[in-house]
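Scroll down for the structure; my scribbles are underneath it.
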There are 2 protein chains.
Amino acid sequence: MSTAIQTRNTRQKEAIRAAFLEADRPLSPEEALIGAQKQVQAVSIATIYRNIASLVEEQWLTTVDVPGHSSRYEVAGKAHHHHFQCTSCNTVHELAGCVMQTRPKLPRGFTYTAHEFFVYGTCADCKNNS
Amino acid sequence: MSTAIQTRNTRQKEAIRAAFLEADRPLSPEEALIGAQKQVQAVSIATIYRNIASLVEEQWLTTVDVPGHSSRYEVAGKAHHHHFQCTSCNTVHELAGCVMQTRPKLPRGFTYTAHEFFVYGTCADCKNNS
DNA sequence: GTGTTATTGAATTTGAATTATCATTAGTGT
DNA sequence: ACACTAATGATAATTCAAATTCAATAACAC
């Protein structure tokens, strides 16, 4: 992919930004496509990938790596938090705060730089529709 | 992939089991290949995949989903623990215990079933060789 | 409005991880 | 040892996310 930031304000890029703001949870490229198509009928998935890459580069989005699934993206600049994934519909949601009370004990010679925490379960929508 | 458990005791399967026992950390299929080849010179990567699938099915191995990387596998039946991934060499290591003190607070209507915790940093080998 | 050129859409291609194919090899019960 | 057939090895095929291609379109500076 070209690594340059896309500078023009296109309807598509605006629709993609709106999709992330409206969802208020980490979205996969496919989910971002569905969200963006609410504003622009025929956005291409390629445009989604291009603009996500651009928005990540300009630090408007950050990447959320999900174990065993494709990456999600969320609006950048939020406070330290972690994520919840519904084991039924695979949507990812934001969790407030952090349950880590103490620095994890690492083996001798290991250095800590960061941590990620994932909670699994059923989201409200899936619980209601079952 | 065929879903049947492989029941015969082949040199290759034994070598694969030995690789996991010796490593004592979650291995990727590629890592398992390298480990198994210490006992059997020309194991095929296809055999690694077949036997890992079989060993997972017979619950001798469990899958470790790693954010942003391919799955690792570890010997099953261990106590609750989490994992460390070296950001330099990408190896995954086992961490003793669990730093989660309190159940995470979930949004209204969400149900908890499990959690995963990943610590990132530099492993001892990489710290020494830098 | 016009011209320039970045961006898009649609389809194709890539790359990697994993799975399938099939002839050959080797476990296993007898 | 023999027969049966599961497992292997080597490679091809598949999958799927992500990147690329290129002609058509549309931002934006003037």
Side-chain angles (χ1 to χ4, degrees), chain A residues 1-19 26-58 60-73 85 90-92, chain B residues 1-19 26-58 60-73 85 90-92:
Chain A
M1 172 176 291
S2 70
T3 56
I5 291 180
Q6 317 201 190
T7 54
R8 289 186 178 177
N9 256 346
T10 64
R11 293 178 305 126
Q12 289 86 345
K13 186 169 191 173
E14 200 42 60
I16 292 166
R17 263 196 282 248
L27 298 182
S28 66
E30 283 297 336
E31 289 171 332
L33 175 67
I34 293 168
Q37 285 177 338
K38 288 179 184 166
Q39 291 200 14
V40 181
Q41 70 293 9
V43 200
S44 165
I45 187 66
T47 297
I48 300 291
Y49 278 107
R50 278 186 288 237
N51 277 289
I52 284 179
S54 180
L55 289 166
V56 166
E57 194 156 352
E58 63 193 67
W60 193 88
L61 285 179
T62 55
T63 303
V64 179
D65 282 333
V66 183
H69 295 266
S70 58
S71 292
R72 310 300 155 103
Y73 301 88
Q85 184 171 34
N90 289 325
T91 56
V92 175
Chain B
M1 171 176 293
S2 71
T3 56
I5 291 180
Q6 316 202 189
T7 55
R8 290 187 178 176
N9 256 346
T10 64
R11 295 178 303 127
Q12 291 86 344
K13 186 169 190 173
E14 201 41 60
I16 292 166
R17 265 196 282 248
L27 299 182
S28 67
E30 282 296 336
E31 290 171 331
L33 175 67
I34 293 167
Q37 285 177 337
K38 289 179 184 169
Q39 291 200 14
V40 181
Q41 70 294 10
V43 200
S44 165
I45 186 67
T47 297
I48 301 290
Y49 277 105
R50 278 185 290 238
N51 278 288
I52 284 179
S54 180
L55 290 167
V56 167
E57 194 155 353
E58 62 193 67
W60 194 89
L61 284 179
T62 55
T63 303
V64 179
D65 283 332
V66 183
H69 296 265
S70 56
S71 292
R72 311 299 156 103
Y73 302 89
Q85 183 171 35
N90 289 325
T91 56
V92 176

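Residue numbers start from 1 in every chain, and the chains themselves are labelled A, B, ... in the order their sequence lines are given, proteins ahead of strands. For clarity, every value in this text was computed on a predicted model and none was experimentally measured.
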Any side-chain N or O of [X] below 4.0 angstrom from OP1/OP2 of [N]?
{"X": "Tyr49(A)", "N": "dA19(D)", "result": "no"}
{"X": "Asn9(A)", "N": "dA26(D)", "result": "no"}
{"X": "Thr47(A)", "N": "dA10(C)", "result": "no"}
{"X": "Gln12(A)", "N": "dG9(C)", "result": "yes"}

Main-chain N/O of Ile34(A) paired with Gln37(A) side-chain donor or acceptor, under 3.5 Å:
no
Dump the pairs, protein N or O against N or O of nucleotides 3-5 of chain D, anything under 3.5 Å, distances to one decimal.
from: dT5(D); atom 1: O2; to: Arg8(B); atom 2: NH2; distance (Å): 3.4

Between Thr10(B) and Ser71(B), whichever has its closest DNA chain C nucleotide further toward 5' is Ser71(B)
Evaluation steps, side chain to side chain contact (heavy atoms under 4.5 Å, CB included), between Gln6(A) and Asn51(A)
CA-CA 7 Å; Gln6(A) 317 201 190; Asn51(A) 277 289; 3.9 Å; yes
Round to the nearest Å and state the distance from Ile5(A) atom CD1 to dA27(D) atom P.
20 Å
Distance, rounded to the nearest Å, where Glu58(A) contributes CD and dT7(C) contributes C1':
14 Å
If you go through the side-chain atoms of Arg50(A), does one of them form a donor-acceptor pair with the base of dG9(C) closer than 3.5 Å?
yes
Partner set under side-chain contact (heavy atoms from CB on, under 4.5 Å) for Glu58(B), not counting sequence neighbours:
Ile5(B), Lys13(B), Arg17(B), Ser54(B), Leu55(B), Trp60(B)
Sorted by chain and number, sequence neighbours left out, side-chain hydrogen bond (donor to acceptor under 3.5 Å, both in side chains) with Ser71(B) holds for Asp65(B)
Give the nucleotide from the list dG9(C), dA18(D), dT11(D) with an atom nearest to the side chain of Ala46(B).
dT11(D)
Apply side chain to side chain contact (heavy atoms under 4.5 Å, CB included) to the pair Thr62(B) and Val56(B), showing each step before the final yes or no.
CA-CA 6 Å; Thr62(B) 55; Val56(B) 167; over 6 Å; no
So, do Tyr73(A) and Pro29(A) sit near enough that their side-chain heavy atoms are less than 4.5 Å apart?
yes
